[in-house]
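Side chains included, hydrogens not; waters and symmetry mates left out as well; all remaining heavy atoms used. Keep in mind that what you see is a predicted model, and the values were worked out from it rather than measured.
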Amino acid sequence: MPSAVVLLSGGLDSATVLALAKSEGFDVHTLCILYGQRHKIELESARRISAILGAVEHREVHVDLAGLGGSALTDDIDVPKDRASEEMEQGIPVTYVPARNTVFLSIALGYAEVIGARDIFVGVNAVDYSGYPDCRPEFVAAFEQLANLATKAGVEGDSFSIHAPLIDMGKPEIIRTGIELGVDFGMTHSCYDPDADGKACGRCDACLIRSAAFQTLGMEDPVLEHLRNG
């Protein structure tokens, strides 16, 4: 089977992407990046998801984006809480991490070239690209072009494909897809500002978006059950 690199954050989207890549017949190699994010608990989720969904290999790479700052996820900036959906849709939020997806895909590209993979999967989607410029279809297409210009494999006549299978999906559709593929969303972690025990806050944009999506499907987000139970 062909090999593929899947960028795996431990969140709802990337877990679904991993399951999709597996369902398409790829031998998947998962890549999780510690970039100085305040929600490091997602790395533990990524390890569990990678193992349970049968990745060939799981790697973690450290990149200090916190050294640059400029984001509520990596700097001493408050994470927005309790925002209405209309407010979330206005402008680029302070949780945007400058150049994050460009850096992540670049590292995934290097990993892919080393292991001989020519397919890279990333979990950007329609919910995100309205606010994050590096989650848009134009960005994915541009990076794919760069990948085939800036690598030994590309210059020698091979080609890379950047897969963003969730790009046109909203959160409810992503959840339905993941459930159909056997993803246990209780293992995932999306919260931007978890507590000291790694429990989701239930109030940041990421928590509110995924909770609303589960509610749309008549379900409760399994990650937020602790809030209901106290």
Quiz prompt | Taking every non-hydrogen atom, the tightest pair across Ile120 and Leu109 | solution = CD1-CA, 3.6 Å

Quiz item: Given the rule in the side chain to side chain contact (heavy atoms under 4.5 Å, CB included) test, do Asp193 and Arg203 qualify, once you have shown the distances and angles that lead to the verdict?
Solution: CA-CA 9 Å; Asp193 195 22; Arg203 299 172 55 206; over 6 Å; no

Quiz prompt | Least distance between heavy atoms, His58 atom then Cys32 atom | solution = CE1-CB, 3.7 Å

Quiz prompt | CG (Asp64) with more than 12 external heavy atoms under 6.0 Å | solution = yes

Quiz prompt | Gap separating the CZ atom of Phe214 from the CG atom of Asp221, nearest 0.5 angstrom | solution = 4.5 Å

Quiz item: Using the ring of each side chain (for Trp, its six-membered ring), is His29 parallel, tilted or perpendicular to Tyr111, with breaks at 30° and 60°?
Solution: perpendicular

Self-check item: Flag for Arg100-Ser71: side-chain donor and acceptor within less than 3.5 Å
Solution: no

Exercise. Output the distance between atom CG (Leu73) and atom CD (Gln37), rounded to the nearest 0.5 Å.
Key: 8.0 Å

Practice problem: Test Asp134 against Phe104 for side chain to side chain contact (heavy atoms under 4.5 Å, CB included), laying out the working first. | Solution: CA-CA 11 Å; Asp134 55 358; Phe104 283 13; over 6 Å; no

Exercise. Go through the steps to decide whether Cys201 and Tyr192 satisfy the test side chain to side chain contact (heavy atoms under 4.5 Å, CB included), and finish with yes or no.
Key: CA-CA 8 Å; Cys201 72; Tyr192 289 153; over 6 Å; no

Quiz item: Short question: side chain of Glu42, backbone of Gly10 - any donor-acceptor pair under 3.5 Å?
Solution: no

Quiz item: Looking only at atom types and distance, does a side-chain atom of Ser45 sit under 3.5 Å from a main-chain N or O of Met187, one as donor and one as acceptor?
Solution: yes

Quiz item: Hey, does the side chain of Asp119 reach the backbone of Ser161 with a donor-acceptor pair shorter than 3.5 angstrom?
Solution: no

Self-check item: Path from Ile41 to Ile52 over hydrophobic side-chain contacts below 4.5 Å
Solution: no

Quiz prompt | Backbone of Lys199 reached by a side-chain donor or acceptor of Asp197 within 3.5 Å | solution = no

Quiz item: Have Ser9 and Ser14 got a donor and an acceptor in their side chains that come within less than 3.5 Å?
Solution: yes

Exercise. Say whether, by atom type as modelled, one donor and one acceptor occur between the side chain of Lys171 and the main chain of Ile209 under 3.5 angstrom.
Key: no

Exercise. List the steps and the verdict of side chain to side chain contact (heavy atoms under 4.5 Å, CB included) for Leu166 and Leu20.
Key: CA-CA 10 Å; Leu166 312 184; Leu20 280 167; 3.8 Å; yes

Quiz prompt | Flag if over 12 foreign heavy atoms under 6.0 Å of CD, Glu60 | solution = yes

Quiz item: Does CG belonging to Asp78 count more than 12 external heavy atoms closer than 6.0 Å?
Solution: no

